[in-house]
Amino acid sequence: MQITIRCDRCKKLVKGCKTEGFTGGYYIRAAWNKFMRPGEHKVCDSCMWKTPAYIKVYGKVSS
Ligand SMILES: [Zn+2]
C-alpha cells in the first residue's frame, strides 16, 4: 500500500509504502524507537540514515 507520511524530523512529505510488519521509505517508532528523538514517530529514510546511532549499528547507507 502506498502512503504519504510527514517526517517528524525534517517535516518533509515522504512517499512510502506499508505492508504487514514492514515499512518502506520511512521508519516508525514502534520498530525503531532507539534511533528516534523524543516526540518523533515517523522518520524518513534520509533522516534516519544520518542518525549517528543508526550509522553506528548499520553503517553508512548511500541512497
Ligand atoms: Zn526526514
Side-chain angles (χ1 to χ4, degrees):
M1 173 171 101
Q2 293 279 336
I3 58 165
T4 301
I5 62 111
R6 185 179 293 276
C7 174
D8 287 329
R9 192 169 299 173
C10 64
K11 311 295 183 198
K12 282 183 196 153
L13 288 173
V14 181
K15 279 201 172 66
C17 60
K18 187 177 180 173
T19 57
E20 206 169 329
F22 177 81
T23 58
Y26 65 103
Y27 292 80
I28 54 168
R29 186 171 202 97
W32 298 89
N33 189 39
K34 62 180 171 178
F35 300 118
M36 295 203 179
R37 299 171 187 168
E40 293 177 339
H41 298 284
K42 303 178 286 310
V43 172
C44 71
D45 276 357
S46 45
C47 286
M48 181 57 81
W49 294 346
K50 289 182 210 142
T51 305
Y54 180 93
I55 293 169
K56 234 185 204 171
V57 178
Y58 296 101
K60 274 214 173 359
V61 181
S62 52
S63 48

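The shown structure was predicted, so the numbers you read here are calculated from the model rather than taken from an experiment.
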What I'd like to find out is whether the side chain of F35 reaches to under 4.5 Å of the side chain of V43, using heavy atoms alone. no
For Y27 and D45, the nearest pair of non-hydrogen atoms, with its separation, is CE1-OD1, 3.1 Å
Kindly give the heavy-atom pair with the smallest separation between C7 and C44, and that separation in Å. SG-N, 3.4 Å
Taking only residues at least two apart or on different chains, which pairs with a member in residues 28-38 satisfy side chain to side chain donor-acceptor pair (under 3.5 Å)? R29-N33
Please list, chain by chain and in numerical order, all residues satisfying side-chain contact (heavy atoms from CB on, under 4.5 Å) with L13, sequence neighbours excluded. T4, R6
V61 and V57: same hydrophobic cluster, using ILVMFWY side-chain contacts below 4.5 Å? yes
Pairs flagged by salt bridge (charged side-chain N to carboxylate O under 4.0 Å, His left out) wherever residues 7-16 is involved - sequence neighbours left out: R9-E40
Apply side chain to side chain contact (heavy atoms under 4.5 Å, CB included) to M48 and M36, showing your working. CA-CA 8 Å; M48 181 57 81; M36 295 203 179; 4.3 Å; yes
Which heavy-atom pair separates I55 from K60 by the least distance, and what is that distance? CD1-NZ, 3.9 Å
Do Y54 and I28 belong to the same hydrophobic cluster, where Ile, Leu, Val, Met, Phe, Trp and Tyr are linked whenever their side-chain heavy atoms lie under 4.5 Å apart, directly or via other members? no
